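Fair warning: this is a prediction, and the values are worked out from it, not measured in the lab. Just so it is clear: chains get the letters A, B, ... in the order the sequence lines come, proteins before strands, and each one is counted from 1.
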Amino acid sequence: MTKKQKVKKIIAVLREKFGKPECALNYETPFELLVAVSLSAQCTDKRVNIVTEEMFRKKGINTPKQFAEMELEEIETLVRSTGFYKNKAKNIKKTSEILLEKYDGEVPQEMDKLVELAGVGRKTANVVRGQIWGLAEGITVDTHVKRLTNLIGLIKGDNPIIIERELMEMVPREYWIDISHYLILQGRDVCVARRPQCDRCEINIFCNFGRKKLKKEGKNNS
DNA sequence: CTCCCGATAT
DNA sequence: ATATCAGGAG
């Protein structure tokens, strides 16, 4: 079976399991999503949602103007529990200033404009573009996508740019947005980093790691 | 490549 | 104690 064929089968199974996937981060505006994704670096979605709930909803701080006018230390306190809080606070403030100066406080759609914002890379830009406007110039590659594609045997290596390019070769374009959701959901539910639950994994027959592990444990699944 | 860094599961 | 969590910049 070619990798393209394998990908199609994996997508079919995961689509059946998860349906139309939704964003795990809570937001009400493009700017809120941009901030939420920025905060999600090396942090769980759950923790990000706790922080953004407090910041956006309870305190009502959710616009570029507000963040641009705030003291850096104040933003640091708000986002502290997500980790990397000094970088994240600085980036949110800087990005807010850029949005006000260049884009009238709105989040631009173009990839090249998004990645020029502070602390916004291809991954964050892909999430925002896909989630807000349904645009898929590329495929979101995060820690889960990286881990699962390597375990399954679709990808070798951990360079996110290369992973994205190779995935774009084997994933049909209409699934460029959903494939990341599927792999992330499966990655959090079943194929967790510490101890992948291969014996109850719906796609273990397509997975190099899963097949090997189950064979070793004498659980023949062929 | 290193650094940023708190919360949580194991 | 340690690995891991929707990464990005220098």
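If you chain together ILVMFWY residues whose side-chain heavy atoms come under 4.5 Å of each other, A/Val115 ends up grouped with A/Met111. Clustering of Ile, Leu, Val, Met, Phe, Trp and Tyr by side-chain heavy atoms under 4.5 Å joins A/Phe209 with A/Leu151.
Contacts of A/Thr124 with the nucleic acid, taken as non-hydrogen atoms under 4.0 Å apart, involve only primed sugar atoms and P, OP1 or OP2. Within 4.0 Å of A/Val37, counting heavy atoms only, lies no atom of the nucleic acid at all. A/Val192 comes within contact range of no nucleotide atom at all, as no heavy-atom separation falls under 4.0 Å. Looking at heavy-atom distances under 4.0 Å, A/Lys86 makes contact with sugar-phosphate atoms alone, never a base.
A salt bridge between A/Asp178 and A/Lys20 is present, with a side-chain N of the basic residue lying under 4.0 Å from a carboxylate O of the acidic one. Look at A/Arg57 and A/Glu28 and you find a salt bridge, because one of the NZ, NE, NH1 or NH2 atoms lies within 4.0 Å of a carboxylate O, short of that distance. Ion pairing between a basic and an acidic side chain is recognised when a charged N comes within 4.0 Å of a carboxylate O; A/Lys17 and A/Asp189 show such pairing. Using a 4.0 Å cut-off between charged nitrogen and carboxylate oxygen, A/Lys65 and A/Glu69 count as a salt-bridge pair. A salt bridge links A/Arg122 with A/Glu164: the distance from a Lys NZ or Arg NE/NH1/NH2 to an Asp or Glu carboxylate oxygen falls below 4.0 Å.
Taking for each of A/Asn91 and A/Thr44 the nucleotide of DNA chain C with the nearest heavy atom, the 5'-most of the two is the partner of A/Thr44. Take the nearest nucleotide of DNA chain C for A/Leu117 and for A/Cys43: the residue whose nucleotide is more 5' is A/Cys43. Across the interface with DNA chain B, nearest-nucleotide mapping of A/Arg195 and A/Ser81 shows A/Ser81 to be the residue nearer the 5′ end.
Across the P atoms, B/dA9 and C/dA6 are found 13 Å apart, a figure rounded to whole Å. Only the P atoms considered, B/dC5 is 14 Å distant from C/dG10, to the nearest whole Å.
Under a cutoff of 6.0 Å and an axis angle of 45°, A/Arg129 and A/Trp133 do not form a cation-pi pair.
Side chain of A/Tyr85, nearest nucleotide from C/dC5, B/dC5, C/dG8: B/dC5. Of all nucleotides listed (C/dT4, B/dT8, B/dG6), C/dT4 comes nearest to the side chain of A/Ala193. Listed nucleotides B/dT8, B/dG6, C/dG8 differ in distance to A/Arg47; the shortest reach to its side chain belongs to B/dT8.
The separation between A/Leu25 atom CG and C/dG7 atom P is 10 Å, rounded to whole Å. Between the NZ atom of A/Lys123 and the C1' atom of C/dA9 there is a distance of 16 Å, rounded to whole Å. A/Asp189 has its CG atom 13 Å from the P atom of C/dA6, to the nearest Å. As rounded to whole Å, 12 Å separates atom P of C/dA9 from atom CG of A/Leu114. Put simply, CG on A/Asn150 is 14 Å from P on C/dT4, counting in whole angstrom units. Going from atom CG of A/Leu39 over to atom P of B/dC4 covers 19 Å, rounded to whole Å. Between the CG atom of A/Asn49 and the P atom of B/dA7 there is a distance of 16 Å, rounded to whole Å. Here the C1' atom of nucleotide C/dA9 and the CD atom of A/Glu116 are 15 Å apart, to the nearest Å.
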Next item on the list: Take A/Asp45 and A/Arg188 through the test salt bridge (charged side-chain N to carboxylate O under 4.0 Å, His left out) and record every step on the way to the result.
Entry: CA-CA 11 Å; A/Asp45 288 343; A/Arg188 288 204 309 212; 2.7 Å; yes
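Between A/Arg80 and B/dC5 there is no side-chain polar atom (N or O) within less than 4.0 angstrom of OP1 or OP2. Under 4.0 angstrom from either OP1 or OP2 of C/dC5 there lies at least one side-chain N or O belonging to A/Arg147. Of the side-chain N and O atoms in A/Arg188, one or more sit less than 4.0 angstrom from OP1 or OP2 of C/dA6. At least one side-chain nitrogen or oxygen of A/Thr143 sits closer than 4.0 Å to the OP1 or OP2 atom of C/dC5.
Of the residues in residues 152-186 of chain A, not one comes within less than 4.0 Å of DNA chain B through any heavy atom.
Stacking here means ring centres nearer than 5.5 Å and ring planes tilted less than 30 degrees, and by that measure A/Phe84 does not stack onto B/dC5.
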